[in-house]
Amino acid sequence: MPKYILAKYIPEYSGREITLKGWVYNIRKSGKIWFLIFRDGTEFVQCVVLKNEVSEAVFEMKSTLTQESSIAVTGVVQEAPRQETGYEILVKNIEVYHVAEEYPIALKEHGIEFLMDHRHLWLRSRGPYAVMKVRAELEQASRDFFNARDFTLVDSPMFTPNAAEGSTTLFETKYFDRKAYLTQSGQLYSEAAIMALNRTYCFGPCFRAEKSKTRRHLTEFWMVEPEMAFFDIHDDMDLAEEFVESLVKRVLGNCKRELQMLERDTAKLEGITRPFPRITYDEALEILHRKGFEVEWGEDFGAPHETAISEEFDKPVMIWRWPAATKAFYMKRDPEDERYVLGVDMIAPEGHGEIIGGSQREEDIDVLLRRIETEALSREDFEWFLDIRRYGSVPHAGFGLGLERTTGWMCGTRHIRECIPWPRTMVRLKP
RNA sequence: UCCGGAGUGGCUCAAUGGUAGAGCGGGUGGCUGUUAACCACUAGGUUGUAGGUUCGAAUCCUAUCUCCGGAGCCA
């Protein structure tokens, strides 16, 4: 018998005496019986304290233990069908590490500002706990997916010398006697890396200094970005679809308990199987016009448009073949019609927005040079990027998946600030 | 940056021009199967800030700060 066990394993010790180490989540007192809801970061377990089963000192802890006090509980694991886990602990002894001061977060409703100010404590609550577990599962599932398909992890730098896409606002920082910017994407570096390693992915934080105040935006977020040599836009979409399907499967398989805690309707996730609908921008525009939106050809879609399109499907929908003006300079033009680029966005169901943006990349140096010129980007900054097209250029493609948006979709979270441990937004830099 | 909304005990809210209340949390007591347990008692607020109108302002006006929701941009 180990010195102590993690709470998630108590079913394996049914009928035996074990010790748990963790924190008091809640206490419900009665006269000669009291209930201690225990948590240790692996599960929440009810512990029952009966007057005639423990010493008087332990029984009297009902009036000295406070919410979030740290303890070691020794007791017998017994079946309890009314518990979510099916088990509870009949307490024999409690040892106290620390009696917590009055805890700010009650087991009642709080406002989001208060909770985010106390994020360092809020993480202990059931909801954030479950979301963090799902997020971690998605990260691991992503790595497993690409590692199993001959991708090499090649992480990209956070400091960059220039504005990669020119359009979005970057955080500027001092870099000794120069300026540097925080990366908004690892893609350009991945394009170089695949010429060395064929298929790569990077997985790290990205930074956008845009003054976005919506439930879908953070200034610091995580993105997993695969990049593949010899892939065209269709191969790219095939992979994106297989990837997202695998993520849903992993979360459904490994995060049942977390989804239960979050009261997520898993039926909506169970239907997420290949193939996903693929429509072109023009087809999406028809849907919008049919639904009464006034969008001109060539305009990008806003959040209400995305939601309206996603409502037509019960799976993620891929919208591809976009008007060139709406997309970044590096996307490949459609050879059949120069007005379009071979880019794709994947929109998650239930209003969770765009979770993937990808494209086939422009491999022709002359076309790329023209676009750099048209968009008034600095050619000097992109010389290394152009080298990729000078030495054995090949068709290639890739995409980026936003981790927080995907986590939000899996968990049914309204706002993605709950899907990252320490959210950074326009108005929040603490804790 | 623009549009809309809100700031009242530790927290969540009520009080719409006339003596600032409730629930939760805290404290005290009660209860042997509770499920954000329950019951009783109790402490706790110069109503975001600065001006103004009024006999009288949480309430009306002006300014300002902060946050929330949405837009643009995007993952």
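Throughout, a chain's letter reflects where its sequence line sits, starting with A, and its residues are numbered from 1.
For the pair A:Lys62 (side chain) and A:Gly31 (backbone), a donor-acceptor distance under 3.5 Å is present. The backbone N or O of A:Arg274 lies less than 3.5 Å from a partner atom in the side chain of A:Glu245, making a donor-acceptor pair. At least one donor-acceptor pair closer than 3.5 Å links the side chain of A:Thr280 to the backbone N or O of A:Glu283. Side chain of A:Thr183 to main chain of A:Phe159: no donor-acceptor pair is present (N/O by atom type, distance under 3.5 Å, no hydrogens or angles).
Nucleotides B:G17 and B:C73 are separated by 44 Å at their P atoms, to the nearest Å. Spacing between B:U42 and B:G23 at atom P, rounded to whole Å, works out to 12 Å. Using atom C1' as the reference point in both B:C13 and B:U28, the two lie 26 Å apart (nearest Å). Comparing the same atom, P, in B:G25 and in B:G48 gives a spacing of 26 Å after rounding to whole Å. Taking the P atoms as reference points, B:U46 lies 9 Å from B:G9, given to the whole Å. The same atom, C1', is picked in B:C38 and in B:U32; the two are 14 Å apart, to the nearest Å.
Looking at residues 271-298 of chain A, you'll see that no heavy atom sits under 4.0 Å from any atom of RNA chain B. At a non-hydrogen distance threshold of 4.0 Å, A:Gly302, A:Ala303, A:Pro304, A:Glu306 from residues 301-311 of chain A come into contact with RNA chain B. Near RNA chain B, meaning a heavy atom under 4.0 Å from it, residues 132-145 of chain A has no residue at all. Non-hydrogen atoms lying under 4.0 Å from RNA chain B are contributed by A:Glu354, A:Ile355, A:Ile356, A:Gly357, all within residues 340-362 of chain A.
Residues satisfying the ring-ring contact (aromatic ring centres under 6.0 Å, His included) test with A:Trp422, not counting sequence neighbours, are none. Not counting sequence neighbours, the partners of A:Gln46 by the side chain to side chain donor-acceptor pair (under 3.5 Å) test are A:Arg28, A:Glu88.
You won't find any donor-acceptor pair under 3.5 Å spanning the side chain of A:His110 and the base of B:C11, going by distance alone. Side-chain N/O atoms of A:Arg215 and base N/O atoms of B:C68 include no donor-acceptor pair closer than 3.5 Å.
Between A:Pro277 and A:Met318 the shortest side-chain heavy-atom distance does not fall below 4.5 Å.
Here B:U1 is the nucleotide among B:A37, B:U1, B:A71 with the atom lying nearest to any side-chain atom of A:Lys211. When each of B:G69, B:U12, B:A75 is scored by its nearest atom to the side-chain atoms of A:Arg208, the top-ranked nucleotide is B:A75. Proximity note for A:Ser212 (side chain, C-beta onward) versus B:G72, B:A37, B:G69: the nearest is B:G72. The nucleotide whose nearest atom lies closest to any side-chain atom of A:Leu218 is, among B:U1, B:G69, B:A75, B:A75.
When heavy atoms are screened at a 4.0 angstrom cut-off, A:His415 is found touching the sugar-phosphate backbone but no base atom. At a threshold of 4.0 angstrom between heavy atoms, the contacts of A:Arg414 with the nucleic acid are absent.
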Original post:
Along nucleotides 27-33 of chain B, 5' to 3', which nucleotides get a B, which get an S, and which get a -, given that the test is a protein heavy-atom distance under 4.0 Å?
Top reply: ----BBB

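Within a 6.0 Å sphere centred on CD of A:Glu299, heavy atoms belonging to other residues, nucleotides or ligands number more than 12.
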Please list, for nucleotides 63-67 of chain B, all pairs of protein and nucleotide N/O atoms separated by less than 3.5 Å.
from	atom 1	to	atom 2	distance (Å)
B:C67	O2'	A:Glu113	OE1	3.4

Pairs: protein N or O with nucleotides 22-24 of chain B N or O, under 3.5 Å:
none

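Comparing A:Met426 and A:Thr326 by the nucleotide of RNA chain B that holds the closest heavy atom to each, the one mapping nearer the 5' end is A:Met426.
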Can you give the donor-acceptor pairs under 3.5 Å from side chains of residues 96-107 of chain A to other protein atoms, not counting sequence neighbours?
from	atom 1	to	atom 2	distance (Å)
A:Tyr97	OH	A:Lys21	NZ	3.2
A:Tyr103	OH	A:Leu121	O	3.1

Can you give each donor-acceptor pair under 3.5 Å made by side-chain atoms of residues 348-359 of chain A, sequence neighbours left out, with the distance rounded to 0.1 Å?
from	atom 1	to	atom 2	distance (Å)
A:Glu350	OE1	A:Arg264	NH1	3.1
A:Glu350	OE2	A:Arg264	NH2	2.9
A:Ser359	OG	A:Arg361	NH1	2.7

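Atom CE of A:Met410 sits about 5.5 Å away from atom CG of A:Leu138, to the nearest 0.5 Å.
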Original post:
Taking only Watson-Crick and G-U wobble pairs with both distances under 3.5 Å, what dot-bracket line describes RNA chain B, where [ ] shows pairs that cross earlier ones and | shows pairs with another strand?
Top reply: (((((((..((((....[..)))).(((((.......))))).....(((((..]....))))))))))))....

